[in-house]
Engineer: 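Right, I'll just put the structure down here and ask away after.
Proteins come first, then strands; the chains are lettered A, B, ... in the order of their sequence lines, and each starts at number 1.
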2 protein chains.
Amino acid sequence: MPDTPRRAGRLPGTRYGNRPTMKDVAARAGVGLKTVSRVVNGEPGVTPETERRVQEAIDALGFRRNDSARVLRKGRTASIGLVLEDLADPFYGPLSRAVEEVARAHGALLINGSSAEDPDREQELVLALCARRVDGLVVIPAGDDHRYLEPEIKAGVATVFVDRPAGRIDADVVLSDNFGGARDGVAHLIAHGHRRIGFIGDMPRIHTAAERLRGYRAAMEDAGIPVKGSWMSLGVTDPERVRRAAEEMLAGPDPVTAIFTGNNRVTVTVIRVLAEHSHAVALVGFDDIELADLLQPGVTVVAQDAAALGRTAAERLFRQLDGTLLTPERIELPTRLVTRGSGELPPAG
Amino acid sequence: MPDTPRRAGRLPGTRYGNRPTMKDVAARAGVGLKTVSRVVNGEPGVTPETERRVQEAIDALGFRRNDSARVLRKGRTASIGLVLEDLADPFYGPLSRAVEEVARAHGALLINGSSAEDPDREQELVLALCARRVDGLVVIPAGDDHRYLEPEIKAGVATVFVDRPAGRIDADVVLSDNFGGARDGVAHLIAHGHRRIGFIGDMPRIHTAAERLRGYRAAMEDAGIPVKGSWMSLGVTDPERVRRAAEEMLAGPDPVTAIFTGNNRVTVTVIRVLAEHSHAVALVGFDDIELADLLQPGVTVVAQDAAALGRTAAERLFRQLDGTLLTPERIELPTRLVTRGSGELPPAG
DNA sequence: CCCGCATCTGACAACGTTGTCCAGGCTCTA
DNA sequence: TAGAGCCTGGACAACGTTGTCAGATGCGGG
C-alpha cells in the first residue's frame, strides 16, 4: 500500500478533531441553531425549502450529531451494559448476541466487558458503565455482594442478573434450572443401571456449581444410593486436575461406572480421559458442546439455552425501563437432556 | 421472592432518576463545585480534611460522576467501537475479547454490535458509534464501500479494519494470510499423494473466501494439476447445500479423494458427510474447531489466530490515537497448519 | 386596513462537568 | 510586623445539544 500521509494524528487540544457542530451548520445554511436541531431530529415545523438548505449544509460539512451532548440534555443514553465473565467463552457468545438483538430492537447499543471471574473487576466495570449512565445493566455476577449497586438501582438504572443470582440485594434474576437439569442428568444415568456415579464440578461458592451438585445429590438420594466422598470432586476446573480427579474415580476401590460433569470445560477434559480409558464409562455433561454428536460415542448433555437466558434478561430489563415491571423476580428456564450415546452406555466392569 | 415494591419505574421527566450532581455534593460538604471535581478526579490541591468532607458527602449521596458531561467537556470518550459479523460466532469471541483487553489497558470501554453480514446494518452501526464519538473503530466489514467513513476519519476517528480489507478507502487493515494458508493446506494434501482435491467455500465476493480460493488454485497450479470445475463449490454455506456439494464431488465421474473446506462452518458439515461415507476421504479445513483432535480421525486445519487479529488491530488503533502511526498499512498475520490425521490420509479408491 | 391566528423560526437557558483564573489566607522571612 | 509567595478554594465560562418561549411572517377575514 502506498504511504499516503494521513492526518497528523489528532492534534492535541482539538476536540473531536474539530467536528462541525449544529452552530456551524446553522451558520452555513443561514438559519438558526434550533432549526438545524429540528431537521436533524425530524421534528415538524420546518419548510421543505429550509430543510433542503440545512440538509445541504449537513452533507457539505459532514456533520454528525454529538450524542454525548444529546445524552447530557435528554438524560437517556439509549445504551445498556453487559458484564459477563469472558466474551471468548462459547457459552457467552450467543447470550451476548441475544442481549444485543433485544437492545437493537429498542434502539439501544450494547457496551460490554469481561469480569474474568474477578469480583473487583466486575464492580469496576459496572461502575464505569453507571458513570456513562447506561440505561440498564445485564450482569453475570462474579462476586457475591452487590450492595454497591444499591444507589445505582435507586437512581433508576434497570438491572437484571443472569446465570447466577445477585448477592445481598433484591434484583431480577434469570437462571437456568441448574438443580433440575443436573438431577435429571444423573437420574438418566441411574435409569441406565449405574449406581456408582462420579461428579466433577466447579467450586460450590459459584451458585451454578452448587446447584448442580445439589441436583446430583438429590438424584442419588431419590434412588436410595449413598454417595461416597471419593466420587465427588469439587472446585477443580483446570484440565490437569480434572484429569487426575477423573482417573482417581475410575481407579479407586469403588470405581465409578459413570461420570456427571458440571460444566463444558470439565466435560471436554473428561472426554479426553475416557477416550484413553480401557473400558467404556458413561458420561453426561452439563452444557452442550459443539460437535458432541460426532464423537464416538456422541456425548449426552444437559443443555441450557444461552440465547434464551440473554433474551429473557434483556426483555425484562426493557420492561423495567418501561415501568411495567415493578417487582424483582427470579426466573428459571428449563434445561434439556440431549441423549447422544455416552449417557446411555450400560455399567461396565 | 417477596414482592418488595420497587421504585415506580423511572418517573418521566426526571433525568437520571434525580441523581446527585457535583453541585449537590458541594452543597452538602460546604465547599465549592470545583473542589468536588478535584477530589473526584484525584487532582492535587485539596487539604486532607476537605477531601474527607467531600468524600463523606459523595458516599452519603451515592454520587457518581456523569461521564456524558465529562465527555462533552473533554472531547474524548475513552471508548471504542467494534463492529463484527456475529458476536455468537466462535471465531469472533476471542477476537472481541482481545480487543477488549487492549481497550482496557488503555482505560477504554468497548461498545460492540453485530452487522449480521448486512452492509446497511454495518453502516448504521458504525455511524451510531460515531455519533457517540467513540475514539476509534475496529470494523470487520460486511460491505465493500466504506467511503461513508471518510468524514469520520478526517474528523479524527481512528479506524482499523480486521479480517477483511476496507472498500474504496485507504485505511489500516489487519488480515490473516488467507492465500498462503489455503495454499499450504492444499499443498499438504498434494504432498500426501492427492491429486483430485475438492474446494468448498463461501462467496468469492467475500475477501477471505476469494483469497482462500486463490490459494487453492495456486497450490494446484504449482503442482501442475489442472482443476476441474466440478471440484469447486463456491458460495454455498448453509449445511444442506454444503452437504449436497460434498456428496456430488465424492460421487462424480472424477471423484475427489480429498476436500479443502473454506471455513469452520463448512468444515463441520463436511465432517458429518465424511463420517457417513464408505471410504476414507482426506480433509483439511480453514479455521480451527474445538474438539477437532477428539474426532476419528482428528481434523487437520489451517488455524488462524483470532485473538492475535483482534489484539493487533486494537493496538494499531491506539497507536493511531497516540499520533505515532501516520500511514495506513496492511498487515498480514501468518496461519498455522495443525496436522491431526484427516489431512494425512492417503488417497483411497 | 388592521387584527387575529397559524405557522415557522430563533434566542436563550439548561444539562453536569472541567479549565481558567483570581481571591483570600497562610507561612516564612527580613 | 509587614510583605512576598505559596497553597487552597471558588466563580465563571464553555462543551453541543434540546426544551421553552416569544418573535416574525404570512394569510384570511372583518
Engineer: Just N and O in the side chain of Lys74(B): are any of them under 4.0 Å from OP1 or OP2 of dG19(C)?
Structural biologist: yes
Engineer: Whole angstroms only, please: what is the CE-C1' distance between Met22(A) and dC15(D)?
Structural biologist: 14 Å
Engineer: Name the residue from Ile80(A), Val162(A), Val160(A) that meets the side chain to side chain contact (heavy atoms under 4.5 Å, CB included) definition with Val99(A).
Structural biologist: Ile80(A)
Engineer: Rounded to the nearest Å, what distance is computed from the CZ atom of residue Phe63(B) to the P atom of nucleotide dG16(C)?
Structural biologist: 10 Å
Engineer: Which of these, Val71(B), Leu321(B), Val134(B), sits in a side chain to side chain contact (heavy atoms under 4.5 Å, CB included) with Arg76(B)?
Structural biologist: Leu321(B)
Engineer: Measure CZ/Arg19(B) against P/dT17(C) and give the value in whole Å, please.
Structural biologist: 10 Å
Engineer: Under 4.0 Å between a side-chain N/O of Asn66(A) and OP1 or OP2 of dC15(D), yes or no?
Structural biologist: no
Engineer: Starting at atom CZ of Arg64(B), determine the distance to atom P of dG16(C), rounded to an integer number of angstrom.
Structural biologist: 16 Å
Engineer: Can you tell me the distance, in whole Å, between the CZ atom of Arg76(B) and the P atom of dC15(D)?
Structural biologist: 18 Å
Engineer: Taking only the side-chain nitrogens and oxygens of Thr35(B), find out if one of them lies under 4.0 Å from OP1 or OP2 of dG10(D).
Structural biologist: yes
Engineer: Which of residues 45-59 of chain B sit near DNA chain D, with a heavy atom under 4.0 Å from it?
Structural biologist: Gly45(B), Val46(B), Thr47(B), Thr50(B)
Engineer: Applying the side chain to side chain contact (heavy atoms under 4.5 Å, CB included) test to Ile140(B), which of Val83(B), Leu95(B), Asp86(B) qualifies?
Structural biologist: Leu95(B)
Engineer: Rounding to 10 degrees, work out the angle separating the end axes of the helix from dC1(C)-dG30(D) to dA30(C)-dT1(D) (five pairs an end).
Structural biologist: 60°
Engineer: State, with a plain yes or no, whether a side-chain heavy atom of Leu317(B) is found less than 4.5 Å away from one of Val102(B).
Structural biologist: no
Engineer: By the 4.0 Å heavy-atom rule, please label Asp67(B) as base, sugar-phosphate, or nothing.
Structural biologist: nothing
Engineer: Between the side-chain atoms of Arg70(B) and the base atoms of dG16(C), is any donor-acceptor pair under 3.5 Å?
Structural biologist: no
Engineer: Apply side chain to side chain contact (heavy atoms under 4.5 Å, CB included) to residues Asp59(A) and Gln55(A) and explain how you reach the verdict.
Structural biologist: CA-CA 6 Å; Asp59(A) 294 340; Gln55(A) 196 57 56; 3.5 Å; yes
Engineer: Tell me the closest heavy-atom pair linking Ala313(B) and Val174(B), and the distance in Å.
Structural biologist: CA-CG2, 3.9 Å
Engineer: Ignoring hydrogens and geometry beyond distance, is a side-chain donor-acceptor pair present between Ser114(B) and Glu100(A) at under 3.5 Å?
Structural biologist: yes
Engineer: Can you name the ring pair (Phe, Tyr, Trp, His ring centres under 6.0 Å) partners of Phe161(B), sequence neighbours left out?
Structural biologist: His146(B)
Engineer: Classify the nucleic acid contact of Arg65(B) as base, sugar-phosphate or nothing, counting any heavy atom under 4.0 Å across all strands shown.
Structural biologist: sugar-phosphate
Engineer: Is there, by distance only and without an angle test, a donor paired with an acceptor across the side chain of Arg38(B) and the base of dG10(D) below 3.5 Å?
Structural biologist: yes
Engineer: dT17(C) P sits how many Å from Lys23(B) NZ, rounded?
Structural biologist: 11 Å
Engineer: Listed in order of residue number, which residues of residues 27-34 of chain B have a non-hydrogen atom at under 4.0 Å from DNA chain C?
Structural biologist: Leu33(B), Lys34(B)
Engineer: Are any side-chain N or O atoms of Arg168(A) and backbone N or O atoms of Asp145(A), one a donor and one an acceptor, separated by less than 3.5 Å?
Structural biologist: no
Engineer: For the pair made of CZ in Arg133(B) and C1' in dT17(D), what is the distance, rounded to whole Å?
Structural biologist: 11 Å
Engineer: For the pair made of CG in Asp24(A) and C1' in dG16(D), what is the distance, rounded to whole Å?
Structural biologist: 10 Å
Engineer: Which residues satisfy the salt bridge (charged side-chain N to carboxylate O under 4.0 Å, His left out) test with Glu117(A), sequence neighbours excluded?
Structural biologist: Arg164(A)
Engineer: Got more than 12 heavy atoms from elsewhere within 6.0 Å of CG, Asp144(B)?
Structural biologist: no
Engineer: The criterion is side chain to side chain contact (heavy atoms under 4.5 Å, CB included); which residues satisfy it with Arg28(A), sequence neighbours excluded?
Structural biologist: Ala57(A), Ala60(A), Leu61(A)
